[in-house]
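See structure below.
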There are 2 protein chains.
Amino acid sequence: MMTMTVNPYVSVDCVLLGFDGTQLNALIVRQSETMGDSAGIYKLPGSLIYMDEDLDEAAQRVLKQMTGLVQVNMMQFKAFGGADRLKNPADGVWLERFHHVDNSHIERIVTIGYTSLLRIDRRMEKLQGGYEAQWMPINELPELAFDHRDIVSEAVKTIRQRALLDPTLLFNLLPRKFTATQLRVLMETVQGVRIDVKNFHKKIATMPYVVPLEEKEDGVNHRAARYYKFKRPRKK
Amino acid sequence: MMTMTVNPYVSVDCVLLGFDGTQLNALIVRQSETMGDSAGIYKLPGSLIYMDEDLDEAAQRVLKQMTGLVQVNMMQFKAFGGADRLKNPADGVWLERFHHVDNSHIERIVTIGYTSLLRIDRRMEKLQGGYEAQWMPINELPELAFDHRDIVSEAVKTIRQRALLDPTLLFNLLPRKFTATQLRVLMETVQGVRIDVKNFHKKIATMPYVVPLEEKEDGVNHRAARYYKFKRPRKK
DNA sequence: GCAAAAGTGTTGTAATTACACCCATGT
DNA sequence: ACATGGGTGTAATTACAACACTTTTGC
């Protein structure tokens, strides 16, 4: 088992991105119980690492602690190591409370950013430590602690690039059954372009990992759209 | 000015990649003066960071210290944070000597990997601390300290991907004047594919950033090849 | 029947592939 | 003259871009 000694110099932060049908959202947490100055601060799920904990493990742990989410396939995308990352005094207060370390021991923290794409309807099951997690559109984020706003925009930048090389990434953002329009709007949003509707239907017909279903939408006041599902291709 | 206090938990390591006309090489250093157990160990240029030093600054500093290279445009590519990175006892001895910190203070180090592409003919000007730097083919690396072998292969993986999105990266690997064949062999090596010679000539004719010169090879015992140069495109 | 979104074909252009022989130079 | 690598054209295929009307459904 691991000792619970905190490494006061290295942290991980998780940028979970979801799609609400219109825009990308990020999962933001805040300490809900008003227990001092640090309550109410919006942050990314993140924490210092323990001494004998792998970075990847730390990212999984903190995500579970703060949101209840498990088995999220996060990938590292960047380290943030500006010497002046902890400029706001309130941030130091938060570190003290959360980690039970003396503020004076916190000199400087390098954080490793992790990110993943997630269906926005995934339930945050059990929340420990009085945290509540919520999805917030990335263009309307409130003030965030530390340099978390920069971290979010770097994550989005990374995702945009990776999605170009591997379009199948985006399917993590959609429900199991989705319509052609949902997929198209998602791609338009992530890539920041407009896609021709007719050409798009042709294109998905050639994608082996997008399979049409017989099922259709129900109860909509217009023509019902066909559902599709994503079939993960065999990895070579 | 910066204080010279070492942060004993965070380091940077630099993977400089060059091309010798046949294969990718990495720049490896080793302590040349035999001053104990740690001499003779091959490593990447890297070091712990100072307390009030940005990561990017640290990468530049250590590269200069160990190879004399300055103004190398490195980019961060990954953090390495396995809890067991420092498994070899000899590695601890090295840290002690280089940083003048007590070995017992080194519990666990997270390192941030930086990488860059470099012309292999760049001279390593002044070498401090008794280090000698040399290019070594990435497929014939000797045993390296820590997990530096993993770090090299992750860097190569990253470069392969980035070169797909931005082919102009590769020109950093070539001399100012290069032949079509040199460029083709480089691309074949990095991408791991074969490229049709005739189609390749057509393709470079359409690349605005590859400009043909009048100058030709000299003193070769076959038809002289035309030289080209790389003209960096205006960044938008 | 009308509002609202889904779905459907054709054509022109650009990019990519496949393929085999002659050219210039040094020895 | 011969060995060595440099350089060239054409045709077929495929991928991509532009563009407007008809269909289904709920109200």
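Within every chain, numbering begins at 1; the chains are lettered A, B, ... in the order of the sequence lines, protein sequences first and strands thereafter.
In this structure, B/G219 and B/K198 both approach DNA chain C, and ranking their closest nucleotides by distance from the 5' end singles out B/K198. Taking the nucleotide of DNA chain D with the nearest heavy atom to each of A/K202 and A/V220, the more 5' of the two is matched to A/K202. Along DNA chain D, the nucleotide nearest B/Y227 and the nucleotide nearest A/R223 are compared for position; the residue whose nucleotide lies closer to the 5' end is B/Y227.
Of all nucleotides listed (C/dC19, D/dT8, D/dA17), D/dT8 comes nearest to the side chain of B/H201. Side-chain proximity of B/H222 to C/dT8, D/dG5, C/dG7: nearest is D/dG5. The side chain of A/N221 sits closest to D/dG26 out of D/dC19, C/dG26, D/dG26. Side-chain atoms of A/K203 lie closest to D/dC16 of the nucleotides D/dT24, D/dC16, D/dA17. Nearest to the side-chain atoms of A/V197 among the listed nucleotides C/dT8, D/dT8, D/dG6 stands C/dT8. Nearest nucleotide to the side chain of A/A225, out of C/dT16, C/dT8, C/dA6: C/dA6.
Distance A/F200 CZ to D/dC16 C1': 15 Å, rounded to the nearest Å. The CG atom of B/D218 sits 10 Å away from the P atom of C/dT25 (whole-angstrom rounding). If you measure from atom CD1 of A/I195 to atom P of D/dC19, you get 17 Å, rounded to the nearest angstrom. In this entry the distance linking CG of B/N199 with P of D/dT10 reads 14 Å, nearest Å. For the pair B/E217 CD and D/dG6 C1', the interatomic distance rounds to 9 Å; values are reported in whole Å.
No donor-acceptor pair closer than 3.5 Å links the side chain of A/R119 to the backbone N or O of A/L173. Under the 3.5 Å distance criterion, the side-chain polar atoms of A/Y114 are matched with a main-chain donor or acceptor of A/D56.
Between the side chains of A/S116 and A/N73, no donor-acceptor pair of N or O atoms lies under 3.5 Å.
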**Request:** Would you check, one step at a time, whether the test side-chain contact (heavy atoms from CB on, under 4.5 Å) holds for A/R232 with A/Y209?
**Result:** CA-CA 6 Å; A/R232 190 164 296 281; A/Y209 45 87; over 6 Å; no

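Within the 4.0 angstrom heavy-atom criterion, no nucleotide atom of any strand lies near B/T179. Looking at heavy-atom distances under 4.0 Å, A/T181 makes contact with sugar-phosphate atoms alone, never a base.
Outside the 6.0 Å centre-distance limit, the rings of A/F230 and A/F178 are not counted as a close aromatic pair.
How far CZ of B/R194 is from CD of B/E188: 8.0 Å, rounded to the nearest 0.5 Å.
A cation-pi arrangement is present between A/K78 and A/F80, with the terminal nitrogen or guanidinium carbon under 6.0 Å from the aromatic centre and inside a 45° cone about the axis.
Annotation: proximity of residues 182-194 of chain B to DNA chain D (heavy atom, distance under 4.0 Å) is found for no residue.
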